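All remarks here apply to the structure that follows.
As the structure is a prediction and not an experimental result, all values here were calculated from the model. These values consider heavy atoms only, across backbone and side chains, with no hydrogens, waters or symmetry-generated copies.
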2 protein chains.
Amino acid sequence: MKNRLKVLRAERDWSQAELAGRLDVSRQAVNAIETGKHDPSLPLAFRIARLFDMRIEEIFDDEL
Amino acid sequence: MKNRLKVLRAERDWSQAELAGRLDVSRQAVNAIETGKHDPSLPLAFRIARLFDMRIEEIFDDEL
DNA sequence: TGACTATGTCAAGATGACCTGACTTTGTGT
DNA sequence: ACACAAAGTCAGGTCATCTTGACATAGTCA
């Protein structure tokens with residue numbers, strides 16, 4: 001699953017640790033999602049979308 | 001996480017087994033999601049949304 | 001009654017999504 | 001060169017999301 005987290009984070013000039021804090025997950029969890037090692041759970045995907053005020057489908061892309 | 005799967009399925013007159021087949025998951029997985037035992041993975045949530053031609057947020061609701 | 005379907009549930013097991021803690025690598029700035 | 005911050009990675013653990021197979025219950029229908 002591709003995602004735009006790294007770009008959204010860069011636009012806000014947040015570190016992975018800062019994003020992790022805002023999402024209430026570990027820094028390693030953010031890193032693993034950004035680097036494509038895992039997909040977030042659905043509840044975490046909701047928190048991410050809410051944080052950036054976007055729809056899940058605007059941040060994550062599971063086609064291709 | 002609440003969801004509208006049971007209603008969407010009823011509107012189409014599909015059994016849990018039929019929905020499971022369309023989503024390529026087990027019947028028990030569909031049952032567990034409908035009865036609130038689990039949340040779907042994000043990839044499965046995408047497949048569900050695509051099947052019903054809706055956004056994930058229109059089917060699943062994690063607030064409250 | 002007996003057969004069939006749909007639903008709900010359980011057990012056991014594989015794999016995925018998280019955790020903490022530790023360490024390395026990379027880039028920046030003094 | 002040195003220090004520091006950010007990012008990446010690993011190990012070992014827990015719990016969640018799936019699997020298959022089995023079984024119980026309720027409803028429908030010949």
Point to revise | B:Asn31 vs C:dT7: side-chain N/O to OP1/OP2 distance below 4.0 Å | key: no

**Study point:** Phosphate OP1/OP2 of D:dC18 contacted by B:Ser41 side-chain N/O (<4.0 Å)
**Key:** yes

Exercise for review: Indicate yes or no: does B:Arg9 engage B:Glu34 in a salt bridge with an N to O separation below 4.0 Å.
Suggested key: yes

Rounded to the nearest angstrom, tell me the gap between atom [atom1] in [X] and atom [atom2] in [N].
{"X": "A:Lys37", "N": "D:dC10", "atom1": "NZ", "atom2": "C1'", "answer": "10 Å"}
{"X": "B:Leu44", "N": "C:dG16", "atom1": "CG", "atom2": "P", "answer": "15 Å"}
{"X": "A:Leu42", "N": "D:dT17", "atom1": "CG", "atom2": "P", "answer": "9 Å"}
{"X": "B:His38", "N": "C:dG16", "atom1": "NE2", "atom2": "P", "answer": "16 Å"}
{"X": "B:Ile33", "N": "C:dT7", "atom1": "CD1", "atom2": "C1'", "answer": "15 Å"}
{"X": "B:Met1", "N": "D:dT17", "atom1": "CE", "atom2": "P", "answer": "9 Å"}
{"X": "A:Gln28", "N": "D:dA6", "atom1": "CD", "atom2": "P", "answer": "14 Å"}

Review point. Does any residue of residues 4-23 of chain A have a heavy atom under 4.0 Å from DNA chain C, and if so, which ones, in number order?
Key: none

Practice item. For the helix from C:dT1-D:dA30 to C:dT30-D:dA1, measure the angle between the helix axis at one end and the axis at the other, each built from five pairs, rounding to 10°. Key: 30°

Study note, to complete from the structure: The answer to which of B:Arg27 and A:Asp39 contacts DNA chain C further toward the 5' end, by nearest nucleotide, is B:Arg27

Check your understanding: Just checking B:Ser26: base, sugar-phosphate only, or nothing, at a heavy-atom cut-off of under 4.0 Å?
Key -> base

